[in-house]
Every structure is written in structure tokens, then in C-alpha cells.
Chemist: 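Handing you this structure, nothing more for now.
The chain is numbered in sequence order, starting from 1. Just follow the structure's listing: the first ligand is 1, and inside any ligand the first atom is 1. For clarity, every value in this text was computed on a predicted model and none was experimentally measured.
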Amino acid sequence: MKQASIKVFAPATIANLACGFDTLGLAINGPGDEIIGYLTNKPGVQIEEITGGKDLPHDPTKNTAGIAAQAFLDAHGDPSIGVSMRIHKKMPNGSGLGSSAASAVAGCLLLNELLRRPFEKRQLLPFAMQGESYASKAYHADNVAPCLLGGIQLIRDNATLDVQRIFPPRGIFMAVVYPNIKMLTSEARAILKPEITLQQHIAQSANLASLIVALHNSDFPLMRRCLVDQIIEPQRSHLIPEFSKIQAMALEQGAIGCSISGAGPSIFALCSNSLIAEEIGERMKAIYKDVKIRSTVYISPINNEGAQLL
Ligand code: HSE
């Protein structure tokens, strides 16, 4: 007899937040991955269907949701358990919005819910990381942690998944634009120089540390001075059409900060309220329309829940 299906949702995320390469990320509302699944008598993971995404593998050993679900099963230790899933991507992949992380998180959350929560939510992090690291070819939790746990997450150490929650001021809204071009995280990482100068290290670590203080104290002027990326953005921004124009417009319109979302090509503007975010979102879209690039805009507060059972 077929078991009852359940549905889980894992949100899109914005990693790096300018000065926190591989160490900071936040979750938003709206875009994300839904997975519907049920337990089966056939041990292991099966992916029945993927809708809404482009060129994603149905082979569970090559799909981030499948890999995370299998990591969950390995840790759970009952070899008779099987799960079948249908993945519905409500976000573009290769967009810089944590698509592979959302699949990975949803894959292991699905099993945790189907099996009535043998693990605490936070304990799912390493399972989701196995899926995410397969896709990005690196081990960074700045998408997976906020996707699973919600809010803003600071990753002190990726190897041990030492993850700390940062409580942001109320009212922050994000305007995010995705120009419809695809960029793979693995490729956007491969172009990065492995060395930085001492001066770059000092500036970036001072900005990251001060950003945490600014978020804690709701100090928007300090936040604006900190949301600067001296290391990664200059190496990647040329890959993103109209990046400088959009960034200049967003700051002019009152954004607290504007930079590349994750590995790109999406661009985020962090704003103190929804009105500013909506205005910036419209102008982002207009800039891309002028150069005949299709784009999608998301306006969202910070998602404090993270992935959840629907
Ligand atoms: N920190 C990662 C990067 C995020 O920028 O490569 C990828 O989404």
C-alpha cells in the first residue's frame, strides 16, 4: 500500500552578504524548493519527477536532494527504509539564490518529517551539506544553514559546521533581481584568486565584524559602511550584466547595501523597509528591460523559519 505523502518547503537564500564570503547568508520568502514524498518498501532514494528546473539529474546519486536524503538514511541506519520524491523547483537553478542548497535541505527534511523527526532540525545540516557540496564542489554552509534554520546565519567554521544565528533589526526587506542567465557556483568559484593581500584581509574582517555589531544594534549607517566586498565582488561582477549600474541605482535609492547574491548572477539590495525595496526592485527590472535581458525580481523580508513542513 502506498504511504501518505507529505510536502516540505526549503527557501531560497542569499549567501555572502557582501563582506561575508562563505560565512554569512540569509533566507528569503517566496522562491524555493518543494518536495512531495512518501516512504516506500524499496530501500534507498528514488526521484520520480522534477518540475520547474532545467537540466537537473533524476539519478539520486547526482541530485543534491537525493544525496542529502541518502546521507540522512546512512546516518539513520535502517537499511530497509526507502523514500520516493517529486521535486518541484519554485526557483531558477544556477541563479545565485541557493537552488542546490534548497534541494538538499528539502531532501533530508522530507525524510526527517516522514520518520517523525528522529533528528533535531540542526542535526540535518551535515546531510544537507553532502548534497550541496556535490553541486558546488566545495564545502560552505552559507546557503544550507539559513535555508534550513532561517534568519541570518554566520558560519564560524564550515568544516565543523559551527553555525551561529544573528538577529537582524525588524523591517529589513530584500530586493533581489535574477537576470535570466545561468552561472554555476563551481565555475564562479574557479575564477577566484586563491590569495588576498593583508590590506584586503584587514578591510574585509573589519567590515564583517562591524556588520554583526550593526545588525545587533540596528545601526543602519554602520551597516551601510560594512556592506562592501573588496575581495570577491571585483572578481565576479564583470560576469553579471549591468551590475555596476544596478548597484549604483540601489545605493542612490536608499539601499543599505547592494552586492552579488551568492556566486551570482542574482543581485541583492538590502533595504530598511519594503517601500524602498519595491522601488529598487522595479528599477532593477527596468534596467534589464532596457538592455533586453529578461529578469525576475523578488521582494521579501528575511525568512525567520527556514525550511518547513507544509
Ligand atoms: N559563498 C558561495 C560563493 C555561495 O560565493 O561561492 C554560493 O552560493
Chemist: Taking C-beta and beyond as the side chain, do Q230 and T197 meet within less than 4.5 Å on heavy atoms?
Modeler: no
Chemist: With a 3.5 Å cut-off and no angle check, do the side chains of Q204 and D229 form a donor-acceptor pair?
Modeler: yes
Chemist: Can D219 and R225 be counted as an ion pair, charged N to O under 4.0 angstrom?
Modeler: no
Chemist: Out of E132, R189, E187, who gets a non-hydrogen atom closest to atom 6 (O) of ligand 1?
Modeler: R189
Chemist: How far is atom 8 (O) of ligand 1 from its nearest protein heavy atom, and which residue and atom name does that atom have?
Modeler: N143 OD1, 2.8 Å
Chemist: Under a 4.0 angstrom heavy-atom cut-off, which atoms of ligand 1 come close to N16?
Modeler: 1 (N), 2 (C), 3 (C), 5 (O)
Chemist: Which of the atoms of ligand 1 are close to T185, meaning less than 4.0 Å from one of its heavy atoms?
Modeler: 6 (O), 7 (C)
Chemist: Evaluate the side-chain proximity of F21 to L208: yes if any heavy-atom separation is below 4.5 Å, no if none is.
Modeler: no
Chemist: Classify the contact between D22 and ligand 1 as side chain, backbone, both or neither, using a heavy-atom distance cut-off of under 4.0 Å.
Modeler: both
Chemist: For the pair N158 (side chain) and A141 (backbone), establish whether a donor and an acceptor sit closer than 3.5 Å, ignoring hydrogens and angles.
Modeler: yes
Chemist: Can you name the atoms of ligand 1, numbered from 1 with element, that are less than 4.0 Å from a heavy atom of G262?
Modeler: 5 (O), 8 (O)
Chemist: Working note: D78 + H76, criterion side-chain hydrogen bond (donor to acceptor under 3.5 Å, both in side chains); need CA distance, chi angles, decisive distance, verdict.
Modeler: CA-CA 6 Å; D78 180 345; H76 186 265; 5.3 Å; no
Chemist: Hey, does E48 have a side-chain heavy atom less than 4.5 Å from the side chain of Y38?
Modeler: yes
Chemist: Of all the atoms in ligand 1, which lie at a distance below 4.0 Å from a heavy atom belonging to H140?
Modeler: 2 (C), 4 (C), 7 (C)
Chemist: Only heavy atoms of R236, strictly under 4.0 Å: list the atoms of ligand 1 that pass.
Modeler: 3 (C), 5 (O), 6 (O)
Chemist: With a cut-off of 4.0 Å, which atoms of ligand 1 are near a heavy atom of F21?
Modeler: 1 (N), 3 (C), 5 (O), 6 (O)
Chemist: Could you establish whether A263 and ligand 1 come within less than 4.0 Å of each other, counting only heavy atoms on the residue side?
Modeler: yes
